[in-house]
Q: 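Next up is a structure, given as structure tokens.
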Amino acid sequence: MRNGRGEIAEAEYAKAFCPDVKRSGWLLVKHALRHPILYLRTFRKHPNLENHFDEGAPKVSFGRTDHPLDDIGPMQGAFTALPKLLMRSAQSVLRVEFVRREGNTFLFRADAFNIFKLISPEHFYKHVYEKDGKAPCAVLHLRIDIERSDVCRVRLQHGAEFDAARTPMVAHDIRDPECQVAYEEHADRYQLQTDTLKLDVYKDDFRIELFDAAGNKLTSSGGKTDNHFGIAFDTYPMGFVRDRRHAHWYGVNAFDLSHDEAIYGLGEHFGPINKVGETVRLWITEGVGNATGRVYKTVPFYVSTRGYGVFFNHTHPMTFWVGSKEKSKVQVAVEEQKLDYYLFSGNIEEVLARYTSLTGRAPVPPKFSFGTWISRMSYTSQEEVLGVARTLREKQFPADVINLDVSWFKNDWECDWQFDTTRFPAPVEMCQSLHADGFRLSLWQQPYVLKGTTLWKEAKEQKLLATCSVPFTFCGQFEAAPIDFTKPEATAWYKDRLIRPLLEAGVDVIKTDFGEGIQPPMRFAEGDGHALHNVYPLLYNQAAFEVTQEVHGEDHAMVWGRSAYAGSQRYPVQWSGDNASTFGAMQASLRGGLSYGLSGFTFWSQDTGGFVGEPTDELMIRWTQLSIFQSHIRYHGCFPFREPWQFSDDAQGILREYLNLRYQLIPYLFSEAIDSAAAGLPLLRPLVVAFQADRTVHAIDDQFMCGRSILVAPVMREERKRHHYLPAGLWYDWFSKAATQGGQWITTDCPLARIPVWLRGGSVIPLGPVVQSTRELPDDTPLDWLVFLDHDDQARATFHPSRKASCTVSAVRTGDTVVVRLDAQCRIQRVRVFGAGGEVPADKVVIQHG
């Protein structure tokens with residue numbers, strides 16, 4: 001053990017916090033005896049195992065895909081063609097007929113054919129469907145709603161009656177009653193047009209083509225494969241496809257994918273942010289790291305650089321083949337015999353704004369949350385927590401939140417939502433002491449009630465838990481059942497019986513861990529586990545957020561959550577889950593955060609230094625340098641722990657420097673958070689959001705913008721140089737303030753205490769004083785205003801010193817003088833102005849108050 005890290009021996013720690021093999025073994029034997037057939041099936045891949053356990057689901061997020069629809073492919077021989085023809089069936093829409101218009105709703109009859117029975121040998125070289133009068137077809141119903149001039153909704157189903165189809169993901173009715181839609185019928189298609197977009201719905205060779213206001217084709221969906229071999233099925237027309245050896249019908253659709261197009265979103269995925277070439281199944285799972293396709297957060301939404309985005313309004317699992325099956329298509333399969341999706345037109349910023357206007361935008365978390373969070377797995381006593389608080393202040397590492405993980409109960413991990421009276425004899429007084437010293441307290445818990453606790457009997461008697469015909473265990477250690485958040489009385493019980501007493505005792509934040517373990521056969525009040533698996537975390541985090549809001553007020557509500565789905569952005573903040581202490585995991589975690597931001601989420605964090613493993617001084621410094629520029633920063637991990645004083649004296653000095661910088665940046669971060677949340681944009685922002693027209697940035701996922709004005713190129717290898725890209729414009733080095741022209745790749749020397757950080761020309765950055773907590777940063781704190789002139793010798797920015805106030809700073813050079821104008825809300829400590837030639841002398845800066 002080096003540098004005195006850790007107060008206990010590793011063996012003692014492992015005994016306390018690692019799984020109990022004997023306990024897990026006993027549960028395994030017990031469940032094997034109770035479910036022998038299911039147990040034997042787990043030893044081999046069984047087609048219907050996913051009906052019981054998610055481990056049996058198609059493996060498409062990592063490794064080679066074995067999705068039921070992925071092996072249809074070409075029929076190249078008798079032995080392969082026969083089962084493909086006999087075991088598959090389809091209801092593929094090949095022909096539509098307009099039925100009627102109701103306002104801005106357009107209804108169509110859709111004739112759907114079994115394309116596997118339309119094969120004709122003479123069309124081996126030509127992909128056509130012989131749908132003459134003899135070919136039987138199913139009658140489906142297609143509905144297109146023009147919600148507003150730039151958003152339309154497309155639905156396909158069997159029944160003619162379309163209900164509201166409200167899902168937990170949709171927060172707002174965005175229909176514009178003033179939207180004008182022109183309808184025309186042509187010989188081959190129906191045309192729906194607003195002043196922003198146009199849809200061409202083709203009659204006989206069915207497809208839907210989307211155009212922008214200038215007539216540029218953005219994409220086409222619903223049509224057949226681009227492969228004209230008649231025996232190839234690499235993409236399916238819009239409709240439903242089934243392999244009889246599997247349990248589900250799949251709703252399928254495909255969108256054109258251009259050679260110059262990038263696709264972003266689909267949740268927090270740890271590979272490249274440009275998803276072209278990826279196959280992704282939306283099925284949240286226990287990640288066990290941040291370096292694979294196992295993910296905690298999935299979102300059925302993506303946005304394209306071609307000028308459109310798509311949101312699938314489904315809770316059921318989905319699979320996206322983003323140019324990975326047929327290279328010219330984004331193909332989607334929903335595990336439901338229904339299709340419901342929204343199309344948005346516009347650039348990336350506009351699409352994110354329109355998507356989040358539908359599914360909701362993030363409220364801005366309390367200002368204290370932007371400070372440093374300190375945690376470990378796990379503090380085990382009240383004395384230890386207060387000791388950590390004292391050490392932080394004594395060693396002058398600024399921090400605002402201390403998190404208690406799995407050890408505030410009588411037994412580690414055995415969550416019963418009660419402070420153990422031996423470990424924590426006076427929790428109210430502990431909270432009061434922390435608050436008096438500028439700290440807030442966060443508490444870990446999870447959404448499963450453990451068998452054997454006093455709450456188990458109570459919840460079972462009141463029927464507040466999901467039921468399940470197969471075994472469910474929490475962490476392989478405890479028999480348990482999830483709280484049924486689809487049942488109002490269960491949600492109220494969770495809020496009032498479990499969480500409210502803790503919040504009223506002084507706890508500030510609930511860490512909403514887990515939520516990924518919902519199994520397909522579970523039964524909830526409003527559906528089964530197959531339908532609710534992905535959306536369960538949304539309901540769970542919503543309950544914890546709402547009760548925090550009720551107790552602490554609207555401006556002080558947040559959670560610290562791990563799993564999420566579309567709409568979860570309404571309940572911030574989420575972190576990336578259990579990463580590892582390696583540079584590779586650091587790179588993957590950042591990619592996850594950037595991808596998450598392009599999925600409609602404003603706020604995100606990660607375990608700085610990695611959750612498992614042992615970070616070196618260098619890794620901890622580099623990870624901290626990255627993390628101070630993301631929306632939230634938390635140190636958390638297993639033995640030998642991540643508190644800054646666990647590292648060498650030299651490392652501590654650098655960590656302290658950057659944490660001080662983090663607190664100086666909080667006025668900027670909080671202001672940018674307000675604007676980002678209002679626009680549905682991420683605070684940790686991929687370059688493509690701000691510079692979409694620059695194709696160089698489309699695949700860059702090792703750099704980012706912190707808000708609008710700060711570009712960061714973190715060092716994520718054991719190197720002392722960093723090759724990175726500056727988009728067009730004038731950029732200023734954070735440390736030297738020297739100006740550099742953009743539009744080029746540059747290489748920068750990066751000693752351990754420095755990484756490339758650039759300020760965008762035309763920006764104004766407010767800096768606060770060095771403090772130990774946000775309690776020392778009231779809204780009227782005088783600030784240093786750093787002004788960076790652009791090529792036109794101007795700068796302008798609007799800032800929010802609080803949620804309810806804003807101020808504007810502008811600057812313009814006239815001759816050899818720069819006039820800086822600040823309105824009355826701007827509190828000033830000092831003003832410094834920088835131009836291409838260096839810092840403008842103070843006597844050449846004229847400050848005017850407006």
Side-chain angles (χ1 to χ4, degrees), residues 61-62 264-275 278 280 284-299 372-373 375-377 403 511 513 516 560-564 568 572-599 601-616 618-638 642 655 658 662 682-687 699-706 712-719 722 755:
S61 296
F62 50 99
Y264 307 107
L266 299 178
E268 182 193 56
H269 296 275
F270 303 114
I273 62 167
N274 181 3
K275 296 299 183 290
E278 299 275 309
V280 179
I284 61 171
T285 188
E286 175 80 32
V288 195
N290 281 181
T292 73
R294 299 183 297 268
V295 297
Y296 303 96
K297 309 169 189 69
T298 63
V299 179
T372 311
W373 293 53
S375 180
R376 70 164 63 159
M377 174 104 144
N403 175 71
K511 178 179 173 181
D513 205 355
E516 308 90 358
W560 191 267
R562 187 172 78 171
S563 53
S568 292
V573 172
Q574 288 82 38
W575 97 99
S576 70
D578 300 336
N579 51 15
S581 298
T582 65
F583 280 100
M586 178 182 172
Q587 298 163 25
S589 295
L590 174 60
R591 283 173 157 184
L594 295 174
S595 180
Y596 199 49
L598 287 167
S599 305
F601 288 77
T602 299
F603 304 106
W604 175 86
S605 188
Q606 58 182 315
D607 288 342
T608 297
F611 176 70
V612 294
E614 184 171 354
T616 62
E618 182 173 2
L619 177 67
M620 198 65 174
I621 289 168
R622 293 307 194 190
W623 214 319
T624 298
Q625 291 167 337
L626 182 164
S627 296
I628 68 161
F629 295 102
Q630 62 198 28
S631 77
H632 290 76
I633 175 172
R634 180 177 78 155
Y635 292 115
H636 178 61
C638 297
R642 311 293 186 263
L655 294 175
Y658 277 89
R662 167 72 180 197
L683 190 59
L684 180 82
R685 197 168 296 180
L687 298 187
I700 291 179
D701 51 19
D702 61 353
Q703 300 175 215
F704 59 89
M705 297 294 295
C706 170
V712 184
V715 175
M716 296 186 289
R717 293 181 182 144
E718 293 172 302
E719 295 178 352
R722 180 64 158 88
I755 63 168

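No hydrogens, no waters, no symmetry mates; every other heavy atom, side chains included, goes into these values. Source: prediction; values computed, not measured.
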Q: Under 3.5 Å, side chain of Arg642 to main-chain N/O of Phe611, donor-acceptor pair present?
A: yes
Q: Under a 4.5 Å cut-off applied to non-hydrogen side-chain atoms, are Gln630 and Leu683 in contact?
A: no
Q: Measuring from Ile755:CD1 to Arg722:CZ, what's the distance to the nearest 0.5 Å?
A: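 Interatomic distance, Ile755 CD1 to Arg722 CZ, rounded to 0.5 Å: 9.0 Å.
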Q: Could you verify whether a donor N or O on one side chain and an acceptor N or O on the other, from Arg662 and Thr624, lie under 3.5 Å apart?
A: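 The criterion, which ignores hydrogens and geometry beyond distance, is not satisfied for Thr624 and Arg662.
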Q: Hey, are the side chains of Glu719 and Arg622 touching, using non-hydrogen atoms and a 4.5 Å cut-off?
A: no
Q: Check whether any side-chain heavy atom of Tyr658 lies under 4.5 Å from a side-chain heavy atom of Ile633, and answer yes or no.
A: no
Q: Tell me, do Asp578 and Tyr296 make a side-chain contact under 4.5 Å, heavy atoms counted?
A: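 They are in side-chain contact.
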Q: To the closest 0.5 Å, what do you measure between OG1 (Thr616) and CD (Glu718)?
A: 6.0 Å
Q: Just how far is it from atom CD of Glu516 to atom CD1 of Ile284, taken to the nearest 0.5 Å?
A: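 Between Glu516 CD and Ile284 CD1, I get 5.5 Å after rounding to 0.5 Å.
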Q: Is there a side-chain contact between Leu626 and Gln606, using heavy atoms and a 4.5 Å cut-off?
A: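 Of all side-chain heavy-atom pairs linking Gln606 with Leu626, at least one is under 4.5 Å.
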Q: Just by distance, do the side chain of Arg685 and the backbone of Pro682 share a donor-acceptor pair under 3.5 Å?
A: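 Here the side-chain-to-backbone pair exists.
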Q: Pair Leu684, Leu590 - check side chain to side chain contact (heavy atoms under 4.5 Å, CB included), show working.
A: CA-CA 9 Å; Leu684 180 82; Leu590 174 60; 4.2 Å; yes
Q: Please name the pair of heavy atoms, one in Arg717 and one in Glu618, separated by the smallest distance, quoted to 0.1 Å.
A: O-OE2, 4.3 Å
Q: Assess the residue pair Phe270 and Ser595 against the criterion (side chain to side chain contact (heavy atoms under 4.5 Å, CB included)); give the C-alpha distance rounded to whole Å, side-chain angles, the decisive distance to 0.1 Å, and a yes or no.
A: CA-CA 8 Å; Phe270 303 114; Ser595 180; over 6 Å; no
Q: Under the side chain to side chain contact (heavy atoms under 4.5 Å, CB included) criterion, do Leu687 and Gln703 qualify, and how do the steps go?
A: CA-CA 7 Å; Leu687 298 187; Gln703 300 175 215; 3.7 Å; yes
Q: If you look at every heavy atom in Met586 and Val715, which pair is closest and at what distance?
A: CE-O, 3.6 Å
Q: Would you sort out whether Gln587 and Asp702 count as a side chain to side chain contact (heavy atoms under 4.5 Å, CB included), showing the intermediate values?
A: CA-CA 7 Å; Gln587 298 163 25; Asp702 61 353; over 6 Å; no
Q: May I ask you to decide if the ring planes of Trp560 and His632 are parallel, tilted or perpendicular, using 30° and 60° as cut-offs?
A: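 Trp560 vs His632 ring planes: perpendicular.
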Q: Work out which heavy atom in Phe629 is nearest to a heavy atom in Val712; give both atom names and the distance.
A: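 So the minimum-distance heavy-atom pair works out to CG-CG2, 3.6 Å.
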Q: Answer yes or no: is there a donor N or O on one side and an acceptor on the other, between the side chain of Ser581 and the main chain of Val612, under 3.5 Å?
A: yes
Q: Is there side-chain contact between Trp373 and Ser605, with at least one heavy-atom pair below 4.5 Å?
A: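 A side-chain contact under 4.5 Å is absent here.
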Q: Between Lys297, Gln574, Arg591, Glu268, which is the residue that forms a side-chain hydrogen bond (donor to acceptor under 3.5 Å, both in side chains) with Tyr596?
A: Gln574
Q: Side-chain contact test, heavy atoms from C-beta onward, threshold under 4.5 Å: evaluate it for His636 versus Lys511 and give yes or no.
A: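 In contact.
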Q: Report the distance from atom CH2 of Trp623 to atom OG1 of Thr582, rounding to the nearest 0.5 Å.
A: 6.5 Å
Q: Nearest 0.5 Å, please: how far is NE2 in His269 from CG in Leu594?
A: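 Spacing of CG (Leu594) from NE2 (His269) equals 13.5 Å.
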Q: Kindly give the heavy-atom pair with the smallest separation between Ser631 and Phe603, and that separation in Å.
A: OG-CA, 3.5 Å
Q: Can you tell if the side chain of Lys275 reaches within under 4.5 Å of the side chain of Tyr264, non-hydrogen atoms only?
A: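 No, too far: nothing below the 4.5 Å cut-off.
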Q: For Gly267 and Ser599, which heavy atoms make the closest approach, and how far apart are they?
A: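 The pair with the smallest heavy-atom distance is N-OG, 2.8 Å.
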Q: Compare every heavy atom of Asn579 with every heavy atom of Ser576, then report the nearest pair and how far apart it is.
A: OG-ND2, 4.0 Å
